[in-house]
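Worksheet for the structure shown next.
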2 protein chains.
Amino acid sequence: MDNQKIPKPTIKRLAVYYRCLENILFSGKASVSSKEIADELGIKASQVRKDLSYFGEFGRRGVGYSTQQLLESVSDILGMRKIWNVCIVGMGNLGMALAVYPGLSKSGFFIKALFDNNPNKIGIPIPNDLSIEPISILKSVVKERAINMGVITVPAEAAQETADALVDAGVQGIVNFAPVRLNLPDSVKVEEIDISVSFRSLAFSISLHSGRRRE
Amino acid sequence: MDNQKIPKPTIKRLAVYYRCLENILFSGKASVSSKEIADELGIKASQVRKDLSYFGEFGRRGVGYSTQQLLESVSDILGMRKIWNVCIVGMGNLGMALAVYPGLSKSGFFIKALFDNNPNKIGIPIPNDLSIEPISILKSVVKERAINMGVITVPAEAAQETADALVDAGVQGIVNFAPVRLNLPDSVKVEEIDISVSFRSLAFSISLHSGRRRE
DNA sequence: AAGTGTGAAGTCTTTCACAGCT
DNA sequence: AGCTGTGAAAGACTTCACACTT
């Protein structure tokens with residue numbers, strides 16, 4: 001039950017279980033069953049159990065899981081004990097929104113630097129006593145502040161060079177909001193978030209189920 | 001090749017093909033092969049062909065696809081001929097960023113209204129000659145401006161009631177940025193974007209490949 | 001020669017179903 | 001009686017491989 005390959009969908013769901021367990025813990029429930037988690041998320045209980053089983057045995061048969069302990073185990077699995085220091089490159093509206101998004105620091109992702117190339121933006125103050133710095137000093141800042149994750153919110157044209165700069169500076173992972181596929185070494189992990197793609201998939205689902213032929 | 005079930009991953013990829021074809025067309029290439037699209041996206045050519053085959057035959061054997069025509073066909077499949085009028089509920093930083101995000105209008109999603117409950121925000125002007133209106137008038141505004149898609153950028157606690165209001169007003173789909181699963185009638189489609197979940201999955205991938213046991 | 005369209009094979013993921021613990 | 005953990009079955013998705021067209 002150890003040395004197996006973890007399905008990618010399992011990873012995404014674990015990140016969702018974390019959120020769900022936080023809520024359950026907050027609501028005061030000390031123990032929880034796979035069925036309760038599953039119902040909350042609209043999936044099957046066996047799915048929850050199978051996902052967890054890739055990493056160990058966390059529950060007690062006949063009883064369920066300790067909410068607290070399971071949350072800790074999931075934190076561990078997700079690598080959330082580690083300190084994640086994050087920088088954001090590209091301080092347009094989206095970059096700015098992320099810089100002050102409370103959900104990130106609440107989840108243990110600390111924004112340590114903001115970069116932009118526009119000279120007018122350099123130095124303008126941001127709510128969290130951060131300031132915007134020029135991309136030219138990215139490498140030294142990343143090293144100095146032990147930044148291990150980068151966020152790309154620059155325009156599509158600049159995304160690859162930004163990614164190259166982040167890799168060169170030594171980040172281990174990149175969250176990419178720019179609508180292009182990045183070319184990266186295997187050692188650097190990437191997570192893509194393309195907002196327009198989500199809108200288009202939604203448009204498709206609506207069209208399929210209300211216009212067009214029978215599914 | 002018609003009445004089949006379309007795999008969900010196919011839908012997401014079609015939305016990406018669209019983006020890719022726009023670039024190829026812009027670069028001046030009048031025709032394109034499945035391999036070229038696939039290489040651009042880091043997938044297999046047979047995947048591209050199979051995805052398209054669910055909807056018809058768009059290419060010419062031995063030749064490839066007309067970039068222009070394929071882009072049009074994909075637009076059609078994705079329901080992008082339809083006019084999508086969008087409202088955003090919750091004008092925090094993220095809502096604000098989306099309100100002025102050029103990627104949406106470029107893809108045919110027109111922001112027609114912005115709502116918030118904070119009285120201090122009502123009326124403040126936004127770059128695109130829009131203004132923020134109170135949620136109390138959501139239903140009438142949605143009907144009046146033929147809004148058919150809603151975006152939820154309110155805090156998690158308020159997300160379900162916002163969704164209920166949007167459904168009651170008659171939208172056909174919702175893009176939900178709040179970190180909760182919404183309960184919706186089957187007739188209303190939803191697309192979830194949970195930014196923290198993406199960060200956590202990234203943290204997992206990094207931890208798996210650099211710390212921990214062999215994959 | 002080059003490239004599509006597609007059944008069939010292969011792989012990955014989910015769900016079932018039940019042994020085993022409390 | 002209730003709920004976990006997990007092999008095995010079912011189902012979903014991807015890739016192969018090749019007939020077919022230009």
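So that the names make sense, note that chain A is the first sequence line, chain B the second, and so on, each numbered from 1.
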Nearest nucleotide by nearest heavy atom, which residue falls closer to the 5' end of DNA chain C, V63(A) or G62(B)?
-> G62(B)
Starting at CZ of R60(B) and ending at C1' of dA1(C), how long is that distance when rounded to a whole Å?
-> 16 Å
Give a yes/no answer on whether the side chain of R13(A) brings an N or O atom under 4.0 Å of OP1 or OP2 in dT14(C).
-> yes
List the atom pairs, with distances to 0.1 Å, where a side-chain N or O of residues 89-114 of chain B and a protein N or O form a donor-acceptor pair under 3.5 Å, not counting sequence neighbours.
{"from": "S105(B)", "atom 1": "OG", "to": "P102(B)", "atom 2": "O", "distance (Å)": "3.3"}
{"from": "S107(B)", "atom 1": "OG", "to": "R200(A)", "atom 2": "NH2", "distance (Å)": "3.0"}
{"from": "S107(B)", "atom 1": "OG", "to": "G103(B)", "atom 2": "O", "distance (Å)": "3.1"}

Rounded to whole Å, NZ of K5(A) lies from C1' of dT14(C) at a distance of 14 Å
Where along residues 27-52 of chain A does a heavy atom come under 4.0 Å from DNA chain D, residue by residue in number order?
-> S33(A), S34(A), R49(A), K50(A)
Roughly, in whole Å, what's the span from CG in L70(A) to P in dT4(D)?
-> 10 Å
Spacing of I174(A) atom CD1 and L166(A) atom CG [to the nearest 0.5 Å] = 5.0 Å
What residues, two or more places apart in sequence or in another chain, satisfy salt bridge (charged side-chain N to carboxylate O under 4.0 Å, His left out) together with R81(B)?
-> D76(B)
Give a yes/no on whether any side-chain N or O of Y65(B) is located under 4.0 angstrom from OP1 or OP2 of dG5(C).
-> yes
Whole-Å distance separating the OH atom of Y54(B) from the P atom of dG5(C) = 14 Å
If a pair satisfies side-chain hydrogen bond (donor to acceptor under 3.5 Å, both in side chains) and one of its residues is in residues 175-192 of chain A, list it, with sequence neighbours excluded.
-> K12(A)-E191(A), N176(A)-E192(A)
Residues passing the salt bridge (charged side-chain N to carboxylate O under 4.0 Å, His left out) test with K29(B), sequence neighbours excluded, are E36(B)
How many Å lie between NZ on K8(B) and P on dT13(C), as a whole number?
-> 14 Å
Measure from OH on Y17(A) to C1' on dT4(D) and round the result to the nearest Å.
-> 14 Å
According to a strict under-4.0 Å criterion, is R61(A) in side-chain N/O contact with OP1 or OP2 of dA19(C)?
-> no
Within residues 150-175 of chain A or reaching into it, pairs that qualify as side-chain hydrogen bond (donor to acceptor under 3.5 Å, both in side chains) - sequence neighbours excluded = K82(A)-Q172(A), K139(A)-D168(A), Q160(A)-D164(A)
